[in-house]
Amino acid sequence: MSIWRVLLSIICPPFAVLDKGCGSVFIVFLLWLCGWVPGVIAALVILNNPNR
């Protein structure tokens, strides 16, 4: 996970997970609409997952 991805996930979480699949983008987008913090946390968790 690069520093640019972390910064992008803080600024706009859905853009940070675009290459992780449609489901991840949709989940992060919905959480981001509910609040900024849940979207950022979800994006960081998805980006930090070693299985992907």
- Is the closest side-chain heavy-atom distance between N49 and K20 below 4.5 Å?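 No, side chains not in contact.
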Report yes or no: do [X] and [Y] belong to one cluster of Ile/Leu/Val/Met/Phe/Trp/Tyr joined by side chain heavy-atom distances under 4.5 Å?
X	Y	result
L18	V40	yes
F29	F15	yes
V45	W36	yes
L44	I27	no

Distance in Å, [X] [atom1] paired with [Y] [atom2], rounded so as to fall on 0.5 Å steps:
X	Y	atom1	atom2	value
L47	L8	CG	CG	8.5 Å
L7	I10	CG	CD1	6.0 Å
S24	D19	OG	CG	9.5 Å

- Message: I need the minimum non-hydrogen distance between L31 and A42, along with the two atoms involved.
- Response: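 Distance-wise, the nearest heavy atoms are CD1-CB, 3.5 Å.
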- Query: Taking all atoms of both residues into account, what is the closest heavy-atom pair of G39 and P13, and its distance?
  - Reply: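 Scanning both residues, the minimum pair turns out to be O-CB, 3.5 Å.
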- W32 (side chain) donor-acceptor with V37 (main chain) under 3.5 angstrom: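 Pair absent, no side-chain N/O of W32 close to backbone of V37.
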